[in-house]
Amino acid sequence: MSDISPEERTSKNFLEEIVEKDLADGRHTTILTRFPPEPNGYLHIGHAKSISVNFGLADTYGGATNLRFDDTNPITESVEYVENIKRDVQWLGYQWKEELYASDYFENLFGFAVQLIRDGLAYVDDSTSEEIAALKGTPTSPGSNSPYRSRTPEENEDLFRKMRAGEFPDGSRILRAKIDMASPNMLMRDPVIYRIKHAHHHRTGDAWCIYPTYDFAHGQSDAIEKITHSICTLEFLSHRELYDWFIEKLGLFPSKQYEFARLNLSYTIMSKRKLLQLVNEGVVDGWDDPRLPTISGLRRRGYTPLAIRDFCARIGVAKRDNLIDMSLLEFCAREDLNKISLRRMVVLDPVKVVITNWPEGKVEMLESENNPEDPATGNRDIPFGGELYIERDDFMEDAPKKFFRLSPGNSVRLKSAYIITCDDFSKDEDGNITEIRCTYYPDSRSGSDTSGIKAKGTLHWVSVPHAVEVEVRQYDRLFRVMDPAAEEGDFLDYINPESLTVIEKAMAEPALLHDARESSAVTGSISDGTGPHYQFMRKGYYFPDVSSGPDKLVYNQTVALRDTWAKVNK
RNA sequence: UGCCCGGUCGUCUAAUGGCAGGACAGCGGGUUUUGGUCCCGUAUGUGGGGGUUCGAAUCCUCCCCGGGCAACCA
């Protein structure tokens with residue numbers, strides 16, 4: 001499986017250079033990476049970058065990647081998250097070598113802690129968290145030693161075993177590594193490595209009431225698995241010193257940690273805490289709300305795994321902070337969707353056109369391509385008649401020269417049908433157009449046009465008596481500002497109130513209903529997340545929502561088509 | 001104002017002492033029965049000063065700017 005990098009990549013990122021050097025030097029003969037999510041939320045596009053980096057690296061150099069859940073904090077973690085994370089990784093198209101859990105190593109980790117205690121490198125501290133914080137110092141001033149720091153190894157081991165046995169309440173004691181309270185690196189100032197939490201764990205149940213911290217679990221888990229390259233994001237950089245310290249003092253396999261800059265995307269947020277807040281407070285519809293940058297949200301919205309992987313390949317991997325333009329993600333979506341989506345005509349904001357010279361009651365079936373980018377998808381039939389819907393903004397009473405759609409006296413091509421000329425129209429008392437009257441040219445039929453008439457514009461349309469009412473959900477950016485996380489105050493104040501617009505009655509060509517019936521007959525559901533992806537012509541790419549069914553068709557706008565007219569118009 | 005990391009087109013990302021290149025976004029044009037796709041063209045960048053060198057985005061130095069670090073979160 002080679003990844004979808006559209007431009008021939010001739011240069012390597014810094015991680016690839018490190019791996020190549022390690023392979024060349026004989027430091028490793030093969031590489032093993034890991035993707036280590038904490039099951040306390042859903043995966044987002046930032047995780048997709050991490051997944052792409054870890055699995056991609058292993059793939060490039062013939063190694064493998066473990067999926068390891070970093071489940072050391074039972075309070076916030078759950079099986080639901082585990083299951084959805086696995087689903088998302090698989091959906092993206094990656095296959096892990098082993099499915100593992102930090103909690104698989106709780107017994108090993110306990111042993112490592114005892115080893116440190118016996119070596120005089122860890123001690124039980126009875127201080128309160130406030131006292132510990134006070135003695136920790138600050139980044140600009142050193143800390144000082146805890147009064148419990150000089151306990152004997154015997155006393156420490158006894159107390160630690162009693163901690164495990166459940167003899168002490170939460171928060172009453174902790175186990176700390178004995179390193180250096182004056183270290184310029186705050187993490188080296190006797191970090192907490194075990195804490196008491198009488199909490200039920202989603203995998204180990206009630207077997208434990210003490211749990212290792214991230215720092216004490218992660219590196220050792222890497223070492224146990226013999227991970228060669230442990231890749232994480234920049235905020236863990238200062239943890240590396242500690243990571244190495246534990247591995248050295250415990251004499252374990254020398255896994256090495258490397259850090260890259262996490263993904264930031266414009267007009268959205270990537271913090272799991274904030275995403276959880278949006279979900280819990282009902283600002284959005286759930287973790288898979290199509291406005292969210294979660295993998296499940298993107299999937300529901302109609303993004304494809306290919307588009308997301310292409311995006312990850314294009315953004316690169318480096319160590320500087322970044323804020324990627326959302327338009328790049330949208331570009332990747334369009335690029336894939338253009339190739340695979342079925343073209344259909346849907347009028348989102350209908351206005352009626354009457355063709356005055358059309359034979360009364362006549363219905364003609366016209367053929368149109370399913371996808372001009374892929375002739376193998378064949379054609380479909382579309383009914384045409386004397387009453388049609390067109391898009392309201394495809395008509396202008398007083399049109400400027402550059403407007404090559406419909407206006408009085410002007411002609412347009414109806415896609416895959418006839419050329420029509422607008423003769424007349426009616427308005428209501430508020431000035432809204434209520435009906436447009438046109439004549440058509442019988443010899444201008446698509447594919448056999450002998451009329452010689454040239455129409456500048458082509459419009460999409462739907463026959464009134466055959467129109468299928470569908471619901472269409474249009475999306476805009478979730479936030480009004482480029483970088484919500486960087487703004488002052490509550491990030492909720494920057495939510496875009498118009499991020500979702502529901503069009504309850506859009507008018508669709510009947511093929512959409514036929515597709516839905518066919519697909520539901522096959523899978524039992526028209527939206528099992530595998531498609532079909534549509535292009536509603538001249539509008540955008542759309543994907544059936546999970547709530548869609550043959551009785552009520554609902555479509556999410558994945559991304560709009562590029563619209564150069566909208567730009568000119570501004 | 002301590003330690004650590006980082007600063008290349010608007011946004012990302014290459015160039016590893018030898019012509020600053022690519023992508024997205026932008027702009028201009030061509031093709032088109034989707035104002036889509038496709039094709040062609042075009043503008044824009046090495047944070048600043050000093051130094052080393054025949055030659056510096058790259059090495060040294062000072063400064064400036066951004067980020068991280070004081071959870072019993074990960």
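Scope of the values below: all heavy atoms of this structure, side chains included, with no hydrogens, waters or symmetry mates. To find a chain, count down the sequence lines: A is the first, B the second, and so on, and within it residues start at 1.
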Sequence neighbours left out, what pairs pass salt bridge (charged side-chain N to carboxylate O under 4.0 Å, His left out) with at least one residue falling in residues 122-144 of chain A? A:Asp125-A:Arg176, A:Asp126-A:Arg151, A:Asp126-A:Arg173
Residues at least two apart in sequence or cross-chain that pass side-chain contact (heavy atoms from CB on, under 4.5 Å) with A:Thr458, listed by chain then number, are A:Arg413, A:Lys415
A:Asp170 with A:Lys197: basic N within carboxylate O range, under 4.0 Å: no
Can you tell me the distance, in whole Å, between the OH atom of A:Tyr267 and the C1' atom of B:U11? 11 Å
Taking the C1' atom in each of B:U32 and B:C39, what is the distance between them to the nearest angstrom? 11 Å
Can you pull the salt bridge (charged side-chain N to carboxylate O under 4.0 Å, His left out) pairs that have at least one residue in residues 182-191 of chain A, sequence neighbours excluded? A:Arg149-A:Asp190
Any salt bridge (charged side-chain N to carboxylate O under 4.0 Å, His left out) pairs touching residues 257-266 of chain A, not counting sequence neighbours? A:Glu235-A:Arg262, A:Arg240-A:Glu259
Work out how far the P atom of B:G10 is from that of B:G45, and round it to whole angstrom. 7 Å
For B:C27 and B:C63, measure between their C1' atoms and round to the nearest Å. 38 Å
All side-chain contact (heavy atoms from CB on, under 4.5 Å) counterparts of A:Gln277, not counting sequence neighbours: A:Arg273, A:Glu281, A:Phe491, A:Leu492
Please list all pairs passing the salt bridge (charged side-chain N to carboxylate O under 4.0 Å, His left out) test where one or both residues lie in residues 372-384 of chain A, with sequence neighbours left out. A:Arg380-A:Glu509
Are OP1 or OP2 of B:G2 and a side-chain N or O of A:Arg189 less than 4.0 angstrom apart? no
Roughly how many Å is it from CG in A:Asn13 to C1' in B:C12, rounded to a whole number? 14 Å
Given atom NZ of A:Lys319 and atom P of B:C12, what is their separation to the nearest angstrom? 18 Å
Gap in Å between the two C1' atoms, one belonging to B:U31 and one to B:C65, rounded: 47 Å
Counterpart residues, side-chain hydrogen bond (donor to acceptor under 3.5 Å, both in side chains), relative to A:Ser103 (two or more places apart): A:Asp71
Please report the distance separating the C1' of B:G6 from the corresponding atom of B:G47, rounded so that it comes out in whole Å. 13 Å
For nucleotides B:U44 and B:U1, find the distance between their P atoms and express it as a whole number of Å. 43 Å
What contact category does A:Leu323 fall into here, base, sugar-phosphate, or nothing, at under 4.0 angstrom with non-hydrogen atoms? sugar-phosphate
Rounded to the nearest Å, what distance is computed from the CD atom of residue A:Gln257 to the P atom of nucleotide B:C5? 14 Å
Go along nucleotides 24-37 of chain B 5' to 3' and tag each nucleotide: B for a protein heavy atom under 4.0 Å from its base, S when only backbone or sugar atoms are that close, - otherwise. SSSS-----BBBBS
What is the glycosidic conformation of B:A57: syn, defined as within 90° of 0, or anti? anti
Checking A:Lys272 now: which residues fulfil side-chain contact (heavy atoms from CB on, under 4.5 Å) with it, not counting sequence neighbours? A:Glu38, A:Asn40, A:His44, A:His47
In whole angstroms, the gap separating P of B:U16 from CZ of A:Phe14 amounts to 18 Å
Going by an N to O cut-off under 4.0 Å, is there a salt bridge joining A:Asp222 and A:Arg68? yes
Sugar-phosphate only, base, or nothing, as touched by A:Glu330 at under 4.0 Å among non-hydrogen atoms: nothing
Scoring nucleotides 67-74 of chain B by protein non-hydrogen atoms under 4.0 Å (B base, S sugar-phosphate only, - none) yields S-SB-BSB
Enumerate, in order of first residue number, the stems that involve RNA chain B, defined as 3 or more consecutive Watson-Crick or G-U wobble pairs with both distances under 3.5 Å. B:2-7 with B:64-69, B:10-13 with B:21-24, B:26-30 with B:38-42, B:47-51 with B:59-63
Looking at every heavy atom in both A:Ile453 and A:Asp449, which two are closest together, and how far apart are they? O-OD2, 4.4 Å
Considering residues at least two apart in sequence or located in another chain, which fulfil the side-chain contact (heavy atoms from CB on, under 4.5 Å) criterion with A:Phe236? A:Tyr214, A:Cys232, A:Thr233, A:His239, A:Gln257
Expressed in whole Å, how much space separates the P atoms belonging to B:A15 and B:A57? 15 Å
Distance check, P atoms only: B:G55 and B:C5, in whole angstrom units. 31 Å
